[in-house]
*Asks:* 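I'd like to ask some things about the structure below.
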Amino acid sequence: MKLLEYEAKKVFSTFGIPIPPSILITSAREASAACKKIGGSAVLKAQVDVGGRGKAGGILMATADDAEAVATELFQKKIKGLPVKEVLVEGRLPIQKEYFVSIVIDRSTRSPVILFAESGGVEIEVTAGERPDAVRSAHVSPLFQEVPGFILRYLTRGCEKEIMPVISSLYRAFREKDALLAEINPLVVTPSGVLAADAKLIIDDNALARQGITGNRDLTEREAEAESHGFSYVELDGSIGVIGNGAGLTMATLDLIAHHKGAAANFLDVGGGAGSDRVLHAVRLVASVPTVKVIIVNLLGGITRCDEVARGIIAAGVSQQVIVRLAGTNEAEGRALLEGAGYRMLDTMEEAVAAAVLEASS
Amino acid sequence: MIYCDKQTRILVQGATGNQGAFHIDLMNQYARSVGGAGVVAGVTPGKGGREVHGVPVYDTVREAQAAHDTDASVIFVPAGAAADSIMEAADSGIGTIVAITEHIPVHDVMRAVAYARSCGSAVIGPNCPGLLSPGECRLGIMPSPLFTRGPVGVISRSGTLTYEVVDELTRAGIGQSTVVGIGGDPVIGETFVDCIEKFSKDSYTKAVILIGEVGGALEIEGAEAALSLDLPLVAYIAGVSAPKEKRMGHAGAIIEGGEGDALSKIQRLEAMGITVVARPSELPQKISELL
């Protein structure tokens with residue numbers, strides 16, 4: 001789950017990372033007072049979870065005099081489609097220099113990697129592409145509790161000495177908060193010290209419970225309902241509803257639909273060992289999207305039993321046509337149940353997908 | 001075959017839970033049908049002294065190991081404790097550790113895998129179906145009736161999609177040496193590279209099918225290994241039409257040198273001269289051309 005800038009900054013600050021003075025507002029009326037409180041001249045930053053927020057008009061300069069007008073403008077905007085509900089009013093910083101520091105997981109080495117560059121800001125990827133030597137990186141063994149001194153010295157050689165404790169603290173935040181990403185871009189140098197001018201923190205969804213976070217707000221209403229049943233669910237913009245078991249098989253079903261020039265409306269992965277009850281919820285959830293014209297169910301029974309799947313499909317009783325491909329454990333029983341109830345069964349995933357695409361286009 | 005054969009003596013951690021008990025039974029049915037060693041011991045803390053389908057259960061891996069000297073462990077322990085179980089198995093010197101458990105926090109996985117590798121153990125998974133060497137050993141939860149013995153190695157990040165491919169191969173009369181589900185999590189123990197290195201040394205295996213997904217660059221690294229080891233390879237990458245994976249900020253893009261989406265992965269593989277099929281049903285034909 002992604003945290004918003006102000007939430008990430010609050011977390012970083014508890015780990016001892018200096019952040020600029022700021023006040024969070026939820027209406028334009030509060031803007032002027034907030035601006036005065038932090039010293040008169042401020043940056044108003046829309047708290048929305050999108051990349052390139054500045055370029056999209058989500059960051060505006062203001063003074064106490066025009067803050068309300070500027071905030072009004074910001075609250076009325078949509079930043080890359082997202083409404084602005086919260087704005088962070090932050091003091092303007094006398095920036096002398098900018099750095100980029102980020103900690104992420106490198107799948108290839110199975111360990112965290114710290115990236116550090118002397119020029120921060122939004123063009124960091126361009127910098128990395130054009131001058132790879134400008135970005136310093138160091139992997140940290142997952143067996144270390146802290147970043148060893150030699151790694152900090154290597155990354156920050158030739159830089160202000162205040163940078164080292166910031167990286168060290170950021171790594172502690174990364175570990176202790178179960179982060180997939182912890183990033184400060186830019187980390188700015190001012191006459192009064194270094195500060196995290198922006199902050200990104202993404203928490204591992206598998207660790208939300210032990211981090212005391214309930215409910216993943218990155219999810220839409222249907223996605224949240226799906227999650228409560230233990231399904232993975234994604235919405236797209238076609239007309240075929242897709243149900244599969246296992247992410248790979250579900251994705252492959254989606255790819256075959258595209259290959260046959262069809263378009264999926266959504267896809268749902270029921271996971272392993274789904275009983276009839278879970279299948280019923282899955283079918284109803286997928287069918288609840290108004291654009292779904294036909295539903296394809298493609299399940300391979302290992303732990304999952306085909307007769308249970310069949311009972312779930314029949315009990316769901318949705319109005320759209322359901323095309324079914326089932327193979328594996330108790331296949332014959334499942335087939336008999338579905339055919340008895342008038343459902344269309346096909347032997348292979350290819351045939352089922354072709355039939356669904358044809359049905360959706362008719 | 002790689003990682004397991006008839007001689008493999010198996011430990012199951014999380015032996016007394018539903019899944020653990022169910023699969024002890026299936027693994028041993030398979031072992032009996034092929035004359036293999038199968039599951040010889042189980043571990044569940046606090047349940048020592050019981051039996052599950054005739055298999056003795058111990059409180060700790062050390063006790064089980066002292067009595068049975070197992071070669072491989074299959075872990076069904078719940079997510080909160082699974083990483084600890086991986087380390088416990090590695091600490092007792094078990095060489096192959098298969099973690100079936102899904103939803104283990106990634107920081108726990110990184111630590112457990114790093115520790116296991118420092119002990120010289122190979123971790124397969126987590127969030128994987130394990131592996132199966134037809135006619136030899138079922139080390140995990142793969143549905144054995146679909147499999148048949150033969151010269152093709154299969155390595156996959158997916159579970160059910162692997163069964164789909166194995167089913168297609170078996171129907172086409174093409175058998176498998178070992179089928180390995182390496183797991184779908186961002187951080188896993190054994191990767192395509194590790195499996196390909198092992199397959200290249202295996203006299204039964206003549207060619208390998210790589211089944212990949214969106215995210216990361218493990219497929220590219222695996223294909224590079226196969227090319228350098230002269231191991232014939234065909235790939236299928238799922239997720240061409242999937243919505244773009246949520247990007248991990250700037251750092252993720254820099255680290256992975258691209259976005260890890262299926263299409264760019266396919267293009268990179270094809271540029272290396274690897275055959276990539278558009279549909280799983282094309283795999284039997286393409287792989288038979290390499291045999």
Side-chain angles (χ1 to χ4, degrees), chain A residues 2 51 100 102-108 110-113 115 124-125 128-129 135 137 141-143 175 178-181 183 185 200 202 204 206-207 210 234 236 244-252 254-259 264 267 271-273 299-303 327-329 348-350, chain B residues 19 22 79-80 103-111 113-115 117-118 129 141-143 146 156-164 167 184 186-189 191 211 213-218 221 236 238-243 246-256 262 278-281:
Chain A
K2 286 185 192 171
F100 162 83
S102 185
I103 307 173
V104 68
I105 292 167
D106 184 349
R107 297 171 185 227
S108 295
R110 313 171 182 87
S111 68
V113 56
L115 288 93
I124 185 67
E125 272 175 65
V135 181
S137 69
S141 164
L143 299 175
R175 265 182 65 101
D178 276 303
L180 301 177
L181 170 88
E183 185 170 290
N185 181 29
K200 276 202 185 79
I202 304 175
D204 180 3
N206 286 336
R210 75 177 177 196
V234 175
L236 304 164
N245 60 338
L249 186 69
T250 311
M251 263 194 283
L254 217 60
D255 292 346
L256 263 185
I257 289 173
H259 187 87
F267 66 92
L299 296 178
L300 259 176
I303 311 181
T329 316
T348 69
M349 157 163 148
E350 293 252 6
Chain B
Q19 291 291 327
F22 180 68
H103 300 311
I104 308 177
V106 68
H107 281 260
D108 294 5
V109 175
M110 285 193 291
R111 188 171 62 244
V113 170
Y115 178 68
R117 288 170 73 88
S118 77
I141 63 169
M142 290 195 188
L146 303 177
S156 172
R157 284 173 61 189
S158 162
T160 43
L161 180 57
T162 314
Y163 313 157
E164 176 79 35
D167 191 34
V187 173
I188 52 175
T191 61
I211 304 167
E213 284 178 9
V214 292
L218 296 180
E221 293 165 16
Y236 169 73
V240 180
S241 58
K246 284 172 194 161
R247 289 184 41 171
M248 288 297 153
H250 296 295
I254 294 169
I255 278 296
E256 292 178 357
R279 298 174 294 167
S281 59

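Chain letters run A, B, ... following the sequence lines, proteins first and then strands; every chain starts at 1.
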*Asks:* Are the side chains of B:D108 and A:R210 in contact, using a 4.5 Å heavy-atom criterion?
*Replies:* yes

*Asks:* For the residue pair B:S241 and A:A258, what are the closest heavy atoms and their distance?
*Replies:* CB-CB, 3.9 Å

*Asks:* Shortest non-hydrogen contact from B:G215 to A:R107?
*Replies:* C-NH1, 3.5 Å

*Asks:* Checking heavy atoms, do the side chain of B:A278, its backbone, both or neither come under 4.5 Å from chain A?
*Replies:* side chain

*Asks:* Counting only non-hydrogen atoms closer than 4.5 Å, does A:L254 touch chain B with its backbone (N, CA, C, O), its side chain (CB onward), both, or neither?
*Replies:* both

*Asks:* Show the nearest heavy-atom pair for residues B:M110 and A:P112, with the distance to one decimal.
*Replies:* SD-CD, 3.7 Å

*Asks:* For A:L300, is it the side chain, the backbone, both, or neither that has a heavy atom closer than 4.5 Å to a heavy atom of chain B?
*Replies:* both

*Asks:* How far apart are the closest heavy atoms of A:D255 and B:Y236, and which atoms are they?
*Replies:* OD2-OH, 3.7 Å

*Asks:* For chain A, which of B:S158, B:P105, B:P129, B:P143 has the most heavy-atom pairs under 4.5 Å?
*Replies:* B:P105

*Asks:* Sort A:A252 into side chain, backbone, both or neither according to what part of it lies under 4.5 angstrom from a heavy atom of chain B.
*Replies:* both

*Asks:* Measure B:P186 against the heavy atoms of chain A and call it side chain, backbone, both or neither at under 4.5 Å.
*Replies:* both

*Asks:* Less than 4.5 Å to any heavy atom of chain A: does that hold for the side chain of B:V240, its backbone, both, or neither?
*Replies:* both

*Asks:* For B:I211, is it the side chain, the backbone, both or neither that has a heavy atom under 4.5 Å from a heavy atom of chain A?
*Replies:* neither

*Asks:* Under 4.5 Å from any heavy atom of chain A, what part of B:E164 do you find: side chain, backbone, both or neither?
*Replies:* both

*Asks:* Looking at side-chain heavy atoms only, is the closest gap between A:M251 and B:L161 below 4.5 Å?
*Replies:* no

*Asks:* Do the side chain of A:R110 and the main chain of B:G189 share a donor and acceptor less than 3.5 angstrom apart?
*Replies:* yes

*Asks:* According to salt bridge (Lys or Arg N to Asp or Glu O under 4.0 Å), who are the partners of A:E350, at least two apart in sequence or on a separate chain?
*Replies:* B:R279

*Asks:* Heavy-atom distances under 4.5 Å only: say whether B:F22 touches chain A with side chain, backbone, both or neither.
*Replies:* neither

*Asks:* Counting distance only, does the side-chain N/O of B:T160 pair as donor-acceptor with the main-chain N or O of A:N245 below 3.5 Å?
*Replies:* yes

*Asks:* Who among A:G328, A:A264, A:S111, A:S108 has the most heavy-atom pairs with chain B under 4.5 Å?
*Replies:* A:S108

*Asks:* As an exercise: rank A:N206, A:D178, A:D204 by heavy-atom pairs under 4.5 Å with chain B and give me the winner.
*Replies:* A:N206

